[in-house]
Engineer: 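Before I ask anything, here is the structure I am working with.
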Amino acid sequence: MKKKFIALISFLVFLSIMAASIPSAVASQAIRLGYLQSDLHQLAAFVALKKGFFEEEALNVKVGGIFKAGPELMSAFAAGALDMGYVGAAPAVVAVANNVAEVKIVAKANLEGSGIVVGADSSIEDLKGLAGKTVAVPGYGNVQDFLLRLALKKNDIEQGKVNVIILKPPEMIPALDTGQIDAFLAWEPYPARAVTSGVGKVLSYSGDIWPNHPCCVVAAHKDFSSQNPDLVLRFVRAHIKATRFIQENPQEALLLAQEFTGMDEPTTSQGLDSLAFEVLIDKQGIMEYAEFLVDLEIIKIREPGSFVDSLIDRSYIDRVLAE
């Protein structure tokens with residue numbers, strides 16, 4: 001009887017140790033997350049942090065960096081400073097194709113959500129009016145650069161007839177206000193902020209230039225993904241929870257958007273109206289980005305299809321959605 005009692009106690013102690021050690025082991029491995037400053041496209045990252053969706057998945061997610069543009073975030077991936085990140089599809093494609101960073105796209109964050117903005121009193125009334133003007137984009141080869149070039153092509157404007165310069169989105173509205181630039185193309189909420197501040201007006205939304213185009217994605221460092229597939233799976237699950245929360249709770253999502261961006265309700269509300277939050281990866285859209293970047297000689301890849309197939313890993317999304 002005594003031996004049975006001792007065996008039972010030993011077994012219960014073993015179970016308690018196992019129950020305690022597994023979550024603590026998970027919690028002790030911090031996942032370093034990066035995202036872009038005040039970027040409404042990446043609201044799901046903020047929602048997952050604020051609503052505790054990462055904790056629900058027993059994840060210890062720490063903000064490893066907040067960046068002003070996608071190339072900066074990809075440089076952090078390259079330096080080994082990030083494990084997961086929310087970033088534009090184009091910077092991810094450029095970094096991987098040019099062997100700057102090794103990541104896998106594991107989910108989509110949003111589609112559409114950018115705009116071409118001109119001064120509130122500008123005489124520019126349509127996209128053809130951009131000829132001969134100075135237009136700012138966040139970086140060469142990113143989503144906004146792609147959209148601007150596509151808009152110019154659709155309106156028969158030669159690329160050389162527009163002076164394209166690089167500015168970080170927080171710098172664009174002051175530059176427009178002081179006449180340093182004639183227009184800018186940025187992600188939300190910067191177009192909306194230009195409007196609500198009285199500085200600018202939206203000439204065209206990105207959805208008008210390229211309907212339903214993909215934009216930001218969730219990326220995982222390739223080594224982190226291969227070594228920690230269960231953590232990536234749970235991260236994707238939390239991302240899906242956050243995305244569904246935004247879709248199903250627009251009023252609370254709006255309040256969180258204000259907190260995330262530090263901008264007022266009219267700005268965030270208008271910004272959210274021009275984008276949509278989705279999780280399924282759009283291979284065709286990313287293919288178009290890749291082909292565009294090849295044409296510009298920003299990247300050199302022989303077969304865009306094979307490259308995109310190797311860049312995207314849908315296994316995590318498929319597993320979560322099948323649950």
Engineer: Which pairs pass salt bridge (Lys or Arg N to Asp or Glu O under 4.0 Å) with one or both residues in residues 279-289, sequence neighbours excluded?
Structural biologist: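 Listed by first then second residue: K283-D309.
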Engineer: So do the side chains of H221 and L82 get within less than 4.5 Å of each other, counting heavy atoms only?
Structural biologist: no
Engineer: Is the NZ atom of K128 crowded by more than 12 outside heavy atoms at less than 6.0 Å?
Structural biologist: yes
Engineer: Does Q247 use its side chain to pair, donor to acceptor, with the backbone of F277 at less than 3.5 Å?
Structural biologist: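 Yes; at least one donor-acceptor contact below 3.5 Å.
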Engineer: Report the residues that fulfil side-chain contact (heavy atoms from CB on, under 4.5 Å) with T134, sequence neighbours left out, ordered by chain and then residue number.
Structural biologist: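 Partners of T134 by the side-chain contact (heavy atoms from CB on, under 4.5 Å) criterion, ordered by chain and then number, come out as N163, I165, I181, D182.
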Engineer: Would you mind reporting whether K161 and L152 have side-chain heavy atoms less than 4.5 Å apart?
Structural biologist: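 Not in contact.
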Engineer: Could you tell me the separation between the CD1 atom of I116 and the CG atom of L127, rounded to the nearest 0.5 Å?
Structural biologist: 5.0 Å
Engineer: Roughly how far, to the nearest 0.5 Å, is the OH atom of Y289 from the CD1 atom of I298?
Structural biologist: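 Atom-to-atom, I298:CD1 and Y289:OH are 13.0 Å apart.
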Engineer: For Y86 and H41, does a side-chain donor sit closer than 3.5 Å to a side-chain acceptor?
Structural biologist: no
Engineer: Do W187 and N110 have side-chain heavy atoms sitting under 4.5 Å apart?
Structural biologist: no
Engineer: Run the side chain to side chain contact (heavy atoms under 4.5 Å, CB included) test on R237 and R234 for me, step by step, so that the C-alpha distance in whole Å, both residues' side-chain angles and the decisive distance to 0.1 Å come before the verdict.
Structural biologist: CA-CA 5 Å; R237 189 180 291 118; R234 283 185 272 161; 3.5 Å; yes
Engineer: Show your working on side chain to side chain contact (heavy atoms under 4.5 Å, CB included) between I281 and I286 and close with a plain yes or no.
Structural biologist: CA-CA 9 Å; I281 304 169; I286 296 176; 4.0 Å; yes
Engineer: Would you please name every residue forming a side-chain contact (heavy atoms from CB on, under 4.5 Å) with V96, sequence neighbours left out?
Structural biologist: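 Only V103, F307, L311 meet the side-chain contact (heavy atoms from CB on, under 4.5 Å) criterion with V96.
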Engineer: Should V320 and V279 count as side-chain neighbours, where that means a heavy-atom distance under 4.5 Å?
Structural biologist: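 The answer is no; the side chains never approach within 4.5 Å.
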Engineer: Which residue pairs satisfy the salt bridge (Lys or Arg N to Asp or Glu O under 4.0 Å) criterion with at least one member in residues 62-82, sequence neighbours excluded?
Structural biologist: E72-K168
Engineer: Which pair of heavy atoms, one from M263 and one from Y190, lies closest together, and at what distance?
Structural biologist: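 Looking at all heavy atoms of both residues, the closest pair is CE-CE2, 4.0 Å.
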Engineer: Would you name the heavy atoms of P189 and T261 that are closest together and state the gap between them?
Structural biologist: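 Closest heavy-atom pair between P189 and T261: CG-CG2, 3.9 Å.
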Engineer: If you look only at pairs with a residue in residues 260-280, which of them pass as a salt bridge (Lys or Arg N to Asp or Glu O under 4.0 Å), with sequence neighbours excluded?
Structural biologist: K108-E278, R193-D264
Engineer: Would the number of heavy atoms belonging to other residues, nucleotides or ligands and lying under 6.0 Å from NZ of K222 be above 12?
Structural biologist: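 Check fails, neighbour count at 12 or below.
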Engineer: Can a donor-acceptor pair be found, under 3.5 Å and without considering hydrogens, that links the side chain of S269 to the backbone of P266?
Structural biologist: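 Such a contact is absent between S269 side chain and P266 backbone.
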Engineer: Which residue pairs satisfy the side-chain hydrogen bond (donor to acceptor under 3.5 Å, both in side chains) criterion with at least one member in residues 111-127, sequence neighbours excluded?
Structural biologist: S114-Q144
Engineer: Quick one: which residue pairs count as a side-chain hydrogen bond (donor to acceptor under 3.5 Å, both in side chains) with a foot in residues 169-181, not counting sequence neighbours?
Structural biologist: T178-Q180
Engineer: Quick one: side-chain contact (heavy atoms from CB on, under 4.5 Å) partners of Q270, sequence neighbours excluded?
Structural biologist: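 Listed in chain order: A192, V195, T196, Y205.
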Engineer: How many angstroms lie between atom OG1 of T268 and atom CD of E259, to the nearest 0.5 angstrom?
Structural biologist: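 These two atoms lie 11.5 Å from each other.
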Engineer: Pair V164, Y140 - check side chain to side chain contact (heavy atoms under 4.5 Å, CB included), show working.
Structural biologist: CA-CA 9 Å; V164 180; Y140 290 124; 4.2 Å; yes
Engineer: Going by side chain to side chain donor-acceptor pair (under 3.5 Å), name the residues that satisfy it together with E248, two or more places apart in sequence or in a different chain.
Structural biologist: none
Engineer: Going through the checks in order, is the side chain to side chain contact (heavy atoms under 4.5 Å, CB included) test met by L321 and I240?
Structural biologist: CA-CA 9 Å; L321 294 180; I240 293 175; 4.1 Å; yes
Engineer: Does V100 offer a backbone N or O that forms a donor-acceptor pair with the side chain of N98 under 3.5 Å?
Structural biologist: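 Checking the backbone N and O of V100 against the side chain of N98, no donor-acceptor pair under 3.5 Å is found.
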Engineer: Using the test side-chain contact (heavy atoms from CB on, under 4.5 Å), find all partners of L150 that sit at least two apart in sequence or belong to another chain.
Structural biologist: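 Applying side-chain contact (heavy atoms from CB on, under 4.5 Å) to L150 gives F146, K154, I209, W210.
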Engineer: Which of these, V199, L185, L203, L176, sits in a side-chain contact (heavy atoms from CB on, under 4.5 Å) with V117?
Structural biologist: L176
Engineer: Of the options I124, V162, V118, which is the one that meets K133 in a side-chain contact (heavy atoms from CB on, under 4.5 Å)?
Structural biologist: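 In the set I124, V162, V118, the residue that makes a side-chain contact (heavy atoms from CB on, under 4.5 Å) with K133 is I124.
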Engineer: Suppose we screen for ring pair (Phe, Tyr, Trp, His ring centres under 6.0 Å). Which residues come up paired with Y35, at least two apart in sequence or across chains?
Structural biologist: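 By the ring pair (Phe, Tyr, Trp, His ring centres under 6.0 Å) rule, Y35 matches F260.
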Engineer: Looking at OG of S274 and CG of D208, how far apart are the two atoms once the value is rounded to the nearest 0.5 Å?
Structural biologist: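 It comes to 10.0 Å.
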Engineer: Does atom CZ (R314) have a neighbourhood of more than 12 heavy atoms from anything else shown, all under 6.0 Å?
Structural biologist: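 Count over threshold, so yes.
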Engineer: Considering all heavy atoms of both residues, which atom of F245 and which atom of A253 are nearest to each other, and what is their separation?
Structural biologist: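 Of all heavy-atom pairs spanning F245 and A253, the closest is CE2-N, 4.4 Å.
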Engineer: On a heavy-atom basis, which atom in V94 and which in I299 lie closest, and how many Å separate them?
Structural biologist: CA-CG2, 3.9 Å
Engineer: Between A136 and L167, what is the shortest heavy-atom contact and its length?
Structural biologist: CB-CD1, 3.9 Å
Engineer: Kindly give the heavy-atom pair with the smallest separation between I301 and A290, and that separation in Å.
Structural biologist: CD1-CB, 4.4 Å
Engineer: Suppose the criterion is salt bridge (Lys or Arg N to Asp or Glu O under 4.0 Å): which pairs have a residue in residues 80-103, not counting sequence neighbours?
Structural biologist: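 Of all non-adjacent pairs touching residues 80-103, those that pass salt bridge (Lys or Arg N to Asp or Glu O under 4.0 Å) are R32-D83.
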Engineer: Rounded to the nearest 0.5 Å, how far does NZ of K51 lie from CZ of F46?
Structural biologist: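 F46 CZ to K51 NZ: 11.0 Å, rounded to 0.5 Å.
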Engineer: To the nearest 0.5 Å, how far apart are CG in L231 and CZ in F235?
Structural biologist: 11.0 Å
Engineer: Please examine the side chains of Y316 and P229, heavy atoms only from C-beta on, and report whether any two atoms are closer than 4.5 Å.
Structural biologist: yes
